Amino acid sequence: MTERLEQFRNVVGGKRVESAGGQWIDSHDPYAGSAWAQVPRCTPDDVEAAVTAARNAFESPEWRDITPSARGKLLWKVADLIERDAERLARLEVRDNGKLFAEMHGQLRYIPEWYRYFGGLADKIEGSVIPTDKAQIFNYTLREPLGVVAAITPWNSPLLLLTWKLAAALAAGNTVVIKPSEHASVSTLAFAELFEEAGFPPGVVNTVTGFGAEIGDALVTHPKVAKVAFTGGDATGASVAAKAGEHIKHVSLELGGKSANIVFDDAPIDDAVRGAIAGIFAASGQTCIAGSRLLVQRSIQDEFVEKLVAFARSAKLGNPMDEDTNVGPVTTRQQLDTVLKYIDIGRSEGATCALGGGRPEGTELGDGWFVEPTIFTGVDNDMRIAQEEIFGPVLSVIPFDDEADALKKANQIAYGLAAGVWTQSMPRAIRMAARLEAGTVWVNTYRAVSYTSPFGGYKRSGLGRESGQKAIEEYLQTKSVWISCADGFSNPFVLR
Ligand code: NDP
């Protein structure tokens with residue numbers, strides 16, 4: 001007899017709900033390679049209910065008239081609840097996406113800081129008094145929320161990437177409908193319940209699970225959705241933005257990347273090796289900021305690659321829940337096929353596979369969707385494995401001659417999410433940081449983020465910024481108020 005899978009429900013208007021059609025989607029455990037839970041397979045009718053609940057909450061006195069300071073305190077309260085439940089939520093994420101417990105638990109323990117930071121900003125959203133050139137006019141601005149925000153998130157770090165939207169959107173006074181990835185929805189459903197417990201009015205935070213292809217359009221084009229905040233692949237992002245554009249909605253996009261991690265010959269080599277590993281094998285390469293193009297100065301290439309291969313070879317593959325595991329499975333069966341396809345492409349393009357290059361064997365890996373940490377050398381910057389986002393543990397090593405060559409190769413790409421520079425020369429670090437076409441540049445470190453620092457993409461990696469003080473602007477609009485202090489209203493036929 002097959003075991004009944006645990007079922008998780010959506011949160012809509014403060015209630016736990018199944019889908020209108022009564023159907024479910026299986027959620028898979030990438031380590032076991034089998035289904036472990038179910039989430040509702042929503043329909044456009046469910047989207048209608050969730051957006052309506054969010055709009056009603058937006059217009060309700062409980063939310064509309066709450067003071068900004070009280071709104072901030074609700075965010076602080078939810079931060080405490082997330083801290084309380086960090087371990088439970090991290091375990092749900094690992095069951096769903098197969099990433100290391102150490103990574104997801106670290107994220108969950110850090111996530112509360114976004115709610116504290118943006119909670120603190122809630123009562124610092126200020127308009128201004130404008131000294132216009134018009135006599136006897138008192139002109140001031142109000143900074144107002146947009147309304148209902150649709151937050152669409154991917155599977156790789158569901159709660160962290162949701163938080164980057166949600167904390168800012170709520171601090172600004174919006175209400176939200178969250179559409180998590182069909183592959184990793186469970187943690188979002190458990191997370192959404194905490195907002196009611198924290199005292200948010202029902203309907204301020206809602207969820208709809210299901211297939212993007214079935215419910216995405218209904219959400220993105222809904223007349224009551226004011227803004228779409230999207231994180232995901234660039235192709236999906238482009239189509240979501242086009243649909244939102246037809247309906248004149250605000251849009252922000254956090255998209256994919258193919259980031260250059262650049263090692264100069266004066267770099268602290270052992271640190272740079274660790275930085276290269278962090279860039280590609282952490283999270284099995286399934287991060288938007290993966291440093292999947294490793295640019296190494298030709299003069300140190302052989303020594304560097306030798307050390308890199310030795311380090312990567314020592315990484316332990318295994319159960320993502322175990323503390324000593326370094327590399328877990330990839331999240332979906334489909335992603336496994338995609339990564340293996342790119343490994344074939346790399347070989348057929350003439351690159352040399354210096355490490356890995358297939359599925360690993362080992363009883364402790366069971367039926368999990370593992371890919372060996374894979375390093376290609378002899379990669380030309382025009383090859384597909386150097387230009388296309390693989391989203392797996394596959395590294396392309398590209399040699400360069402000097403600083404100008406490094407910059408040219410680093411910028412010769414459609415994406416612009418992040419870049420790493422390894423050098424002991426501060427002037428070079430500053431020159432490179434100024435000229436790299438990327439929203440984030442790390443020098444002698446990699447994969448660092450903070451609630452205080454803006455994050456987002458150049459070029460095809462996105463529009464808008466998350467985190468940092470300015471991120472709240474993405475969820476506000478400005479109203480200009482004109483009050484006449486004059487005695488009368490003269491000639492009505494001319495612009496005043
Ligand atoms: P996708 O683009 O496939 O999906 C992202 C989200 O969009 C999912 O919730 C998906 O739902 C939804 N979606 C799919 N089709 C539609 C549609 N027509 N309308 C509305 N929503 C839709 O990305 P992945 O989930 O595969 O995530 C991996 C990608 O995300 C990578 O490219 C990665 O680089 C990028 N990413 C970017 C980050 C950043 O901050 N810049 C951070 C992390 C990831 P469903 O799953 O049901 O299809």
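Not measured: the values here are computed from a predicted model. Computation of the quantities below employed the complete heavy-atom set of this structure, encompassing side-chain atoms and omitting hydrogens, waters and symmetry-equivalent molecules.
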Notebook entry, point to check: Between W369 and H28, how do the two ring planes meet: parallel, tilted or perpendicular, split at 30° and 60°?
Noted result: tilted

Check: Would you call E389 and K258 a salt bridge, using N to O less than 4.0 angstrom?
Finding: no

Next item on the list: Begin from the C-alpha positions of T478 and R143 and carry the test side chain to side chain donor-acceptor pair (under 3.5 Å) through to its verdict.
Entry: CA-CA 5 Å; T478 302; R143 308 287 289 126; 2.3 Å; yes

Next item on the list: Answer yes or no: does atom CD of E59 have more than 12 heavy-atom neighbours from other residues, nucleotides or ligands under 6.0 Å?
Entry: yes

Check: Quick one: are the ring centres of W36 and Y31 less than 6.0 Å apart?
Finding: no

Donor-acceptor contacts, no H, no angles, side chain residues 185-195, under 3.5 Å, sequence neighbours left out:
| from | atom 1 | to | atom 2 | distance (Å) |
| --- | --- | --- | --- | --- |
| S185 | OG | S181 | O | 2.6 |
| S187 | OG | E93 | OE2 | 2.8 |
| E193 | OE2 | R16 | NE | 3.0 |

Check: Looking at E466 and K165, does any basic side-chain N land under 4.0 Å from a carboxylate oxygen?
Finding: yes

Checklist line | R9, CZ: over 12 other non-hydrogen atoms inside 6.0 angstrom | finding: yes

Next item on the list: Spell out, as yes or no, whether a donor-acceptor pair under 3.5 Å connects the side chain of Q107 to the backbone of S157.
Entry: no

Notebook entry, point to check: Would the number of heavy atoms belonging to other residues, nucleotides or ligands and lying under 6.0 Å from NZ of K470 be above 12?
Noted result: no

Notebook entry, point to check: Would you call the rings of Y140 and F138 parallel, tilted or perpendicular if under 30° counts as parallel and over 60° as perpendicular?
Noted result: tilted

Item checked: Gap separating the OG atom of S19 from the CG atom of N10, nearest 0.5 angstrom -> 8.5 Å

Check: With the threshold set at 4.0 Å, does a side-chain nitrogen-carboxylate oxygen contact exist between D80 and R116?
Finding: yes

